[in-house]
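Before any comments, here is the structure.
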Amino acid sequence: MKRTHHCAQLTKSDLNATVSLAGWVDSVRDHGGIIFIDLRDREGVTQVKFDTNLRAEAAQLKSESVIGITGQVVLRPDAMMNKGLPSGEIEIDATGLEVFNISETPPFPLTDAGGDKVNEDLRLTYRYLDLRRPKMQKNLRVRHRAAKSVRDYFDAQGFIEVETPALFKSTPEGAREYLVPSRIHPGEFYALSQSPQQFKQILMVAGVEKYFQVARCFRDEDLRADRQMEFTQIDVEASFIDREGIYALFEGMLKKVWKDVLNHDLPTPFPRLPYDDAMNRYGVDKPDTRFALELVDLSDTFKASAFKVFASTVAAGGCVKAFNAKGLADITQGELGALEDIAKSLGAKGLAFIKVEGGEWRSPIVKFFSEAEKAALTARLDIAEGDIVFFAAATWDRACAILGRTRLEAAQLLVKRGKMTIRADQWNFLWVVDFPLMSYDEERKSYVATHHPFTAPVAEDAALLDSNPKAVRGQHYDAVLNGMELGGGSIRIHQPALQKKIFEEVLKIPADVVESRFGYMLKAFTFGAPPHGGMAFGLDRMVALLCGTTSIRDVIAFPKTQKAQDLMAQSPTPVTAKQLKELHIQTVIPPQ
RNA sequence: GGGGUGGUAGCUCAGUUGGUUAGAGCGUCUGCCUGUCACGCAGAAGGUCGCGAGUUCGAGUCUCGUCCAUCCCGCCA
């Protein structure tokens, strides 16, 4: 029996044709004298009818069994047409049945709706069943379609895909790495590449000019909904390009991907938002701009306030910020408590608020406010009946973090009440630009690169490198979509002297360490490094948003759990003493 | 490393103030049924209440510990 068609391919136009289908039994409806089976393959579902001779054999079938059938395409009786299915006007009158495998009863329902509710550990243990669900099949295809679209785009733009090593050397400045012991060099280690960053810059020195790679990257950091230990990035680097060139390049890529995958026309160019504005208005460097609830700085209003908590914060160089969660005055005690807990976990002492109910301001702090302060609040925050305003008084970055997070939580509460909608298919892309090149690390008592040490400073700020490193902006940019950071990149430093100065004088990395870690790169740059820049763009995150989810586990075929385990294959595992010996490794297991 | 949520039948969940034999829907199994498409009807089986300790006359319920999943903070140059 050879398959002639896919399920869902057959329609009224195939009437009377003799066809063979193969796939999985989606459901069995046994009416005694007649049995209907929905046969499912990766393209869809078709109803197969068994009566007379094959009835007994068909009655033995269970859900998820794999069968092949032969039969004639026939029209269903008028009243029995299923308008909900593409193949709903016809059915296959089976004349042949081949059973390839009877299935055990699956441990959870393989429907979209049923499977979505199932505990994720069970789905991951039986990932091959989870992936059979139409939604997961669709996600795999969207990922394939998006990756192909990306490859076609960069090819058309003159980029060539170059593979760089997964086994690199350890670069402890960055993310924690997966170390790989060397058998041939006792006591020495490779590290799995956390990014092709250094190789792609070397490729620019090598004269490749336009490089890209759909690259697997590895980072030994804690996992999250949008972070796996191994993930895929669209890695790009080009010579003789500036920031505007990169923006246009990636806007073109995203326009094509959205068209190819969703048939949606993305408007370009994307808005640009300076880092300071992003922080001041949204409290994060990856704002979700699908809704407002923007932060307002009230430091001026409260610098001489009778409310000492606010006044003293401003006097100490901090700021007072607030935002109006319009319409959320009906927040419950429990929800308010949860918001407070979040604020406290971000360093707030509490979460001050003003509710407006029945024309009155209800608040533990409003008694301290003067009439002038109240008037200023009303005007600047557009306060009206049913609103609740949240405040944070702290250092600038802390106040931003507290309210940035509270803003997102408040938005969820408003969505839950039906007072606001955040559409998953509204695509608010933006470029966040003008990041500070350096930030001061209080623990290490030194400057650290905000992104990475290869980022070039903005030309007109370069003179400040010695006098005021914090004020130097980097030629860095982040691509943000609906509150998720999709990618980041920069124009790089291509002058070896400047790169050396950043390493040694600004970041205070000892010269011998610079030499052992980056010596080869600095040396390469002395042989004619072109000006260059690029971007690392998260494929998993992009595909997740294309699929309408925020968890990249839904778009990775075999993801790990938050404890970094593969529940299906059951990794990691201990290894034999022989293996360890060969690798010159001894393990020390901490006591339980 | 820290905080939140959850873990009760194969799945999803309910389980009141600590009190008799722990329930529902779906699924599974058996029987009936020739037009269903979430088929229907009748019946049945199915439980280490995550695990361990404690309090109590008595624990699914309270306390402590622990494991797992998930969300977040730290972390992710």
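Within every chain, numbering begins at 1; the chains are lettered A, B, ... in the order of the sequence lines, protein sequences first and strands thereafter. The figures here come from the full heavy-atom set of this structure, side chains too, leaving out hydrogens, waters and symmetry mates.
- Here the separation of B/G50 from B/C67, taken at their C1' atoms, is 8 Å to the nearest Å.
- With both ends at atom C1', the span from B/G19 to B/G60 equals 13 Å, rounded to whole Å.
- Not one side-chain nitrogen or oxygen of A/Arg405 sits closer than 4.0 Å to the OP1 or OP2 atom of B/G4.
- Centre separation under 5.5 Å together with a plane angle under 30° holds for the ring of A/Phe36 and the six-membered base ring of B/U36, marking them as stacked.
- For A/Lys501, the side chain to side chain donor-acceptor pair (under 3.5 Å) partners two or more places apart in sequence, or in a different chain, are A/Asp466.
- In this entry the distance linking CG of A/Asp121 with P of B/C11 reads 10 Å, nearest Å.
- Using P as the reference atom, B/U21 and B/U12 are 28 Å apart when rounded to the nearest Å.
- Distance noted for atom C1' between B/G15 and B/C32: 35 Å (whole Å).
- Side-chain atoms of A/Leu567 lie closest to B/A69 of the nucleotides B/U36, B/G74, B/A69.
- The side chain to side chain donor-acceptor pair (under 3.5 Å) check on A/Tyr477 picks up nothing, with sequence neighbours excluded.
- OP1 or OP2 of B/C73 lies within a sub-4.0 Å distance of a side-chain N or O belonging to A/Arg224.
- Toward the 5′ end of RNA chain B lies the nearest nucleotide of A/Asp341, the other residue of the pair A/Ala225 and A/Asp341 mapping further downstream.
- For B/U66 and B/G4, the P atoms lie 14 Å apart once the distance is rounded to whole Å.
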Response to the item:
With sugar-phosphate taken as primed atoms, P, OP1 and OP2 and all else as base, the protein-contact string of nucleotides 28-34 of chain B at under 4.0 Å (heavy atoms; B, S, -) is SS---BB

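- When each of A/Met81 and A/Gln565 is assigned the nucleotide of RNA chain B bearing its nearest heavy atom, the one mapping closer to the 5' terminus is A/Met81.
- Contact annotation: A/Arg29 side-chain N/O to B/U36 OP1/OP2 distance is not under 4.0 Å.
- Between B/C41 and B/U36, the distance separating the two P atoms is 14 Å to the nearest Å.
- In this structure, A/Lys470 and A/Pro436 have side chains that are not in contact, with every pair of non-hydrogen atoms separated by 4.5 Å or more.
- If you take atom C1' in B/U30 and the same atom in B/G46, they sit 14 Å apart, rounded to whole Å.
- Contact between the side-chain N/O atoms of A/Gln562 and the OP1/OP2 oxygens of B/C72 is not found at any separation under 4.0 Å.
- Using C1' as the reference atom, B/U16 and B/C62 are 15 Å apart when rounded to the nearest Å.
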